[in-house]
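Taking it in order: structure first as structure tokens, then the write-up.
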Amino acid sequence: MAGSRGRAGAALIGPLTGLFGGSFNPAHGGHRRVTLFAMEALGLDEVWWLVSPGNVLKPAKGMAPLEARLASARAMSRNAPIRATAIERDLGTRFTVDTLRAILRRYPKRRFVWIMGADNLAQFHKWKAWRDIARLMPIAVIARPGYDAVAMASPANAWLRRWRQRPGQFVSGARRSAPALTFLRFDPDGRSASAIRAADPDWANAFRTAGLRDAVTHRLIGRGKS
């Protein structure tokens, strides 16, 4: 889709890239499935999984090292147009708004879409400068069982409602400007990282991290066990 044209006929520069942030503690098949679904629904060229060094809204207890989480994401994204990256560590950013601003500066020829679950929309108004995030790039929200009602009733959704688009509108022209919001619904996936951790608390030990490189920056990340 790179080089495709928008509603007004002007060429879109560079690939259309989805940004999907999370702890990936660990990455699992549900992450992959929802990402591939979003790619098809939105016509994305690729998706970057932003493996967070640390989520400010989640407790650090039980969080595996970044290298192990990135390794799990690299393994789960294999043979798909998904790139697992720890670019936030490289950028030195902690909050999503700062990460997105830095990515836009570093990759000016790309078009980006922010992808998040309905659980994140429900608390989006608690994020630093959340309105600025909405102004930086279009947002696609993926429905999640048990969160849709609270997401729809959230302060962020009330503010964003005026910019809501159908998925077809979203990819045909609205992606060129923000704010823009679309909701994506698909069959729910019952897999969860918390269930994986409960079943295997030592899951991180199974991943080789020595020589691990970032799929976006290509920098060496892993220096640990082989």
Side-chain angles (χ1 to χ4, degrees), residues 1-22 31 34-50 52 57 81-83 85 87-88 93 95-144 147-186 216:
M1 184 168 293
S4 62
R5 294 182 177 271
R7 199 162 36 193
L12 297 175
I13 302 171
L16 182 61
T17 302
L19 300 178
F20 185 16
H31 292 128
V34 75
T35 298
L36 295 177
F37 164 78
M39 288 190 65
E40 182 177 0
L42 300 175
L44 304 178
D45 293 298
E46 63 180 9
V47 170
W48 295 358
W49 281 352
L50 306 182
S52 173
L57 294 178
I82 302 169
R83 294 208 260 173
T85 176
I87 194 171
E88 283 183 288
T93 55
F95 294 97
T96 298
V97 65
D98 300 321
T99 298
L100 300 189
R101 284 171 177 158
I103 287 175
L104 288 170
R105 287 193 300 268
R106 181 174 286 196
Y107 302 99
K109 293 186 177 181
R110 288 181 176 269
R111 302 287 175 171
F112 292 101
V113 174
W114 178 250
I115 302 170
M116 65 181 177
D119 54 328
N120 280 323
L121 180 61
Q123 60 176 352
F124 194 40
H125 62 285
K126 298 179 181 179
W127 294 21
K128 177 186 175 183
W130 62 272
R131 290 183 180 87
D132 290 342
I133 295 174
R135 294 184 181 105
L136 287 173
M137 61 186 64
I139 296 174
V141 175
I142 299 173
R144 287 193 64 182
Y147 290 99
D148 289 0
V150 67
M152 296 300 289
S154 69
N157 185 59
W159 186 80
L160 284 162
R161 186 177 295 133
R162 74 196 82 173
W163 293 293
R164 186 165 176 176
Q165 311 279 324
R166 296 191 305 273
Q169 289 178 304
F170 189 78
V171 299
S172 65
R175 67 186 180 190
R176 302 193 59 196
S177 61
L181 174 71
T182 192
F183 280 84
L184 303 177
R185 299 184 182 279
F186 78 124
V216 170

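All heavy atoms count here, side chains included; hydrogens, waters and symmetry mates do not. Just so you know, residue 1 is the first one in the sequence shown, and it goes up from there.
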Decide yes or no for Arg83 and Thr17: does some side-chain heavy atom of the first lie under 4.5 Å from some side-chain heavy atom of the second?
-> no
Check whether any side-chain heavy atom of Leu19 sits under 4.5 Å from a side-chain heavy atom of Thr99, and report yes or no.
-> no
Check Ile133 against Lys128 and note the closest heavy-atom contact, atom names and distance.
-> CD1-O, 4.0 Å
Shortest non-hydrogen contact from Ala134 toward Ala178 = O-CB, 3.2 Å
Any side-chain donor paired with an acceptor under 3.5 Å for Trp48 and Glu46?
-> yes
Check Asn157 against Met152 and note the closest heavy-atom contact, atom names and distance.
-> ND2-O, 2.9 Å
Side chains of Trp159 and His125: does their closest heavy-atom pair fall under 4.5 Å?
-> no
Taking atom CG of Leu50 and atom CD1 of Ile115, what is their separation to the nearest 0.5 Å?
-> 10.0 Å
Could you check His31 against Ile82 for side-chain contact (heavy atoms from CB on, under 4.5 Å), going step by step and ending with a plain yes or no?
-> CA-CA 11 Å; His31 292 128; Ile82 302 169; over 6 Å; no
Verify the neighbour count for atom OH of Tyr147: are there more than 12 heavy atoms of other residues, nucleotides or ligands below 6.0 Å?
-> no
Do Val34 and Phe20 have side-chain heavy atoms sitting under 4.5 Å apart?
-> yes
Assess the side chains of Thr96 and Trp127: does a donor N or O sit below 3.5 Å from an acceptor N or O?
-> no
Taking C-beta and beyond as the side chain, do Gln123 and Ser154 meet within less than 4.5 Å on heavy atoms?
-> no
Pairs under 3.5 angstrom only: tabulate donor-acceptor contacts from the side chains of residues 135-144 to other protein residues two or more places apart or in another chain.
residue	atom	partner	partner atom	Å
Arg135	NH1	Asp132	OD1	3.2
Arg144	NH1	Asp119	OD2	2.8

So do the side chains of Leu100 and Thr93 get within less than 4.5 Å of each other, counting heavy atoms only?
-> no
Calculate, to the nearest 0.5 Å, the distance between atoms OG1 and CH2 belonging to Thr182 and Trp163 respectively.
-> 15.5 Å
What about the rings of Phe124 and Trp114, do their centers lie closer together than 6.0 Å?
-> no
